[in-house]
Every structure is written in C-alpha cells, then in structure tokens.
Amino acid sequence: MELATESVNNRPNAPWLWRLVATGLSFALFGLGGLCLRLIVFPVIDRLPGDALTRRRRARLTNSRLFWFFVQFMYRSGVLTYEVEGAERLGRPGQLVIANHPSLIDVVVLVSLIRDANCVVKQSLWDNPFTRGPIRAAEYISNNGSAEMLDEAAAALQQGQTLIIFPEGTRTTPGQPPQFHRGAAAIALRGATRVTPVVISVTPTTLTKAEPWYRIPSRRFHFHLRVGDDIDPQVFASQGSAPIASRRLNDHLHQHFIKELALDEPTTA
C-alpha cells in the first residue's frame, strides 16, 4: 500500500485559515462517509455472494482503503504530513499490534496500513451514528470493560487475526508519558503469537484528548509512525503466573514506549 512505503513531509506549509477549513472538511468527510457506509455501502456488500467470513473481510478491506484515502485527503489539503517506518511488518497472523494514542487519527492510519485488521474500539463508537456502521460491519471488538472482551480479543488472535489495541484506553494527555492498562498484556499472553509495538508521535500535538478539532496548531502537523521489533509473549509467560507475567510484559512495553518516544522529542539548543 502506498501509505506504507512513503515518507511524505516535504510539502510547503499551507496558511492557517486554509488548514482550519481543510480540517473541518476532513471531519465532515469522515462523518458523512461513515453514514454512507452504514446506509448504502455495507448493505450492498452484505448482499454479495459469500459467507460471513468473506463479508467481514470485505468490510475490513473497505475500511482500510477508505481510511487510506482519508489520510491522503488530509495530506493533499495541507493538514498534515506523515512518515511511516516498517509497515511491511504489520498484518501477520496472530499479531497483536500495540500502539500509543496521541491523536484522534491514530486508529485511522493503523487500519489503513492493514487490509484485514481487527481492532479494539471504545464502546461509545459502537453507538455513534457516524461510526457504528463501519465498526459493526468489520466486527471490531467493543472495549466495554467486561471479561468477555478479553476472551473475544484472545480468541481473535488464536484464529489468526491481526488485532490492534491501544493499552491506554484513551488518548494520551499532552506532555505526559503513556499509562498502559494491563489488559493488553493479558490478551497477548492468552492468544498472540507475537506482539509488535508501534510508536506514534504527532508534532505539534493536535487532536488530543478534550481538544476541539478547530484548535489547530500554528503549522501543519507531522504524523510519524514507527513499527518496532516483535516481542515474544511466551518469554514472559514462562516467568511466572498469569498476573505476574502480564505485569512484567506491561512494564516492558511501557518502558519501551517511553524510551522510543523520547527519541522523537524535539531537542533544544
């Protein structure tokens, strides 16, 4: 996929007012696109020949391709630039992709890179009229806080699906290190063949938690996604009981992200 192989950060900076308008158009496009998918596209896809698994794959492929076009719209309209490293290592069977969550579009970019990805999403998105169509058609997993969610996520990995999860559960507070919940590590130990950390940085920070869409930075933002080396969850599973193993894996992931994110921090003279 084109997004997986490009490093696009050399476009001239668009004026602030234009970027504000383009950001608003991006949000409108995303919302209207979600409605069109729910009301028109996915009902048609459901009537095409094929079993439930085939319909799910079609839905996920549709989401992936449309998310890629959405990222391209934001790039070509001057809202952002982007850089992706190591995307060829995403999308393998039984792979748990663990990422930090600095901005609103993190999941959009990650899903655009993986044609048949599953994803753990917030329960509120399941009920949102603009997002529930693509989410339910693709059979993403609702993060409703129940034990059944952990079982469903582990089962998806055991079936050979690629699963995306954000261990913070919500977007990172700007200026603060990520705080990982242990659920992602527990899921990894129960079902993943490999854990792949993905470090995301957004400079300047934007589309953060509790920040309105119209509070855009003084210049376009740069989205940098870096895929790290695989981690074998069985190395931690052999170190003790399930609670101990999940705590050690969670601590390892937390330290990895803190170290990697420090590399992306701007240096001062």
Side-chain angles (χ1 to χ4, degrees), residues 1-34 36 63-90 97 99-114 130-131 134 164 166 168 170-178 197-228 257-269:
M1 185 176 296
E2 294 88 338
L3 184 60
T5 58
E6 284 188 301
S7 173
V8 181
N9 55 15
N10 56 354
R11 290 175 66 89
N13 197 38
W16 180 89
L17 182 59
W18 169 253
R19 289 186 292 105
L20 178 64
V21 171
T23 302
L25 288 173
S26 299
F27 272 81
L29 177 64
F30 191 88
L32 292 175
C36 289
N63 287 346
S64 180
R65 293 303 295 172
L66 291 179
F67 281 179
W68 179 82
F69 284 117
F70 179 74
V71 174
Q72 289 301 301
F73 176 83
M74 296 187 76
Y75 161 65
R76 296 183 185 281
S77 63
V79 174
L80 60 77
T81 57
Y82 63 82
E83 182 177 4
V84 178
E85 300 179 44
E88 68 279 357
R89 298 197 297 276
L90 297 175
V97 177
N100 61 310
H101 200 1
S103 80
L104 191 61
I105 66 167
D106 304 329
V107 66
V108 173
V109 177
L110 268 174
V111 170
S112 75
L113 297 172
I114 307 173
F130 297 103
T131 57
I164 300 169
F166 297 91
E168 295 170 89
T170 187
R171 278 169 281 170
T172 313
T173 301
Q176 299 295 322
V198 174
V199 177
I200 299 172
S201 62
V202 176
T203 310
T205 58
T206 188
L207 302 177
T208 59
K209 186 177 180 180
E211 184 177 33
W213 67 264
Y214 52 82
R215 190 173 297 164
I216 65 173
S218 58
R219 57 184 174 89
R220 65 186 174 188
F221 67 92
H222 184 64
F223 189 98
H224 185 194
L225 183 149
R226 184 168 63 252
V227 180
F257 276 86
I258 289 177
K259 178 181 177 181
E260 291 295 314
L261 287 169
L263 300 176
D264 293 329
E265 291 182 356
T267 57
T268 57

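Values below: all heavy atoms of this structure, side chains included; hydrogens, waters and symmetry mates excluded. Note that the numbering runs from 1 along the sequence shown for the chain.
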Counting only N and O atoms by type, is there a donor-acceptor contact under 3.5 Å from the side chain of Arg171 to the main-chain atoms of Leu207? yes
Is NZ or CZ of Arg65 both nearer than 6.0 Å to the six-membered ring centre of Phe67 and within 45° of the ring axis? no
Less than 3.5 Å apart, which donor and acceptor atoms pair up between the side chains of residues 20-32 and the rest of the protein, not counting sequence neighbours?
{"from": "Thr23", "atom 1": "OG1", "to": "Arg19", "atom 2": "O", "distance (Å)": "2.7"}
{"from": "Ser26", "atom 1": "OG", "to": "Ala22", "atom 2": "O", "distance (Å)": "2.8"}

Out of curiosity, Leu113 CG to Trp68 CH2, how far, rounded to the nearest 0.5 Å? 11.5 Å
Would you say the side chains of Thr172 and Gln176 form a donor-acceptor pair under 3.5 Å? no
Quick one, Phe257 and Pro197 - any side-chain contact, counting heavy atoms below 4.5 Å? yes
Note: Asp264 and His224 closest approach over all heavy atoms is OD1-ND1, 3.8 Å
Separation between CD of Glu168 and CG of Asp106, rounded to the nearest 0.5 Å: 9.0 Å
Side-chain touch Val97/Val227, heavy atoms, less than 4.5 angstrom: no
Exercise: identify the closest heavy-atom pair between Pro102 and Val202: CG-CG2, 4.0 Å
What closest approach, in Å, do Ser103 and Thr206 show between heavy atoms, and which atom pair accounts for it? CB-O, 3.6 Å
Just checking Trp18: does its CH2 atom have more than 12 heavy atoms from other residues, nucleotides or ligands closer to it than 6.0 angstrom? no
With sequence neighbours excluded, what pairs up with Pro212 under the side chain to side chain contact (heavy atoms under 4.5 Å, CB included) test? Tyr214, Arg215
Out of curiosity, His101 NE2 to Thr170 OG1, how far, rounded to the nearest 0.5 Å? 6.5 Å
Where is the tightest heavy-atom contact between Tyr82 and Leu80, given as atom of each residue plus distance? CD2-CD1, 3.9 Å
Which atom names give the shortest non-hydrogen contact between Asn63 and Pro134, and what distance separates them? ND2-O, 3.2 Å
Checking Leu261 now: which residues fulfil side chain to side chain contact (heavy atoms under 4.5 Å, CB included) with it, not counting sequence neighbours? Asn100, Pro178, Val199
Does any non-hydrogen side-chain atom of Leu104 lie less than 4.5 Å from one of Thr208? no
Just how far is it from atom OG of Ser201 to atom CZ of Arg226, taken to the nearest 0.5 Å? 6.5 Å
Verify, without hydrogens or angle tests, whether Arg219 (side chain) and Asn13 (backbone) share a donor-acceptor contact under 3.5 angstrom. no
Taking the side chain as every heavy atom from C-beta outward, state whether Phe223 and Thr81 have any pair of such atoms under 4.5 Å apart. no
Please report the closest heavy-atom contact between Phe221 and Pro204, naming both atoms and the distance. CB-O, 3.6 Å
How about Thr203 and His222: does a side-chain donor come under 3.5 Å of a side-chain acceptor? no
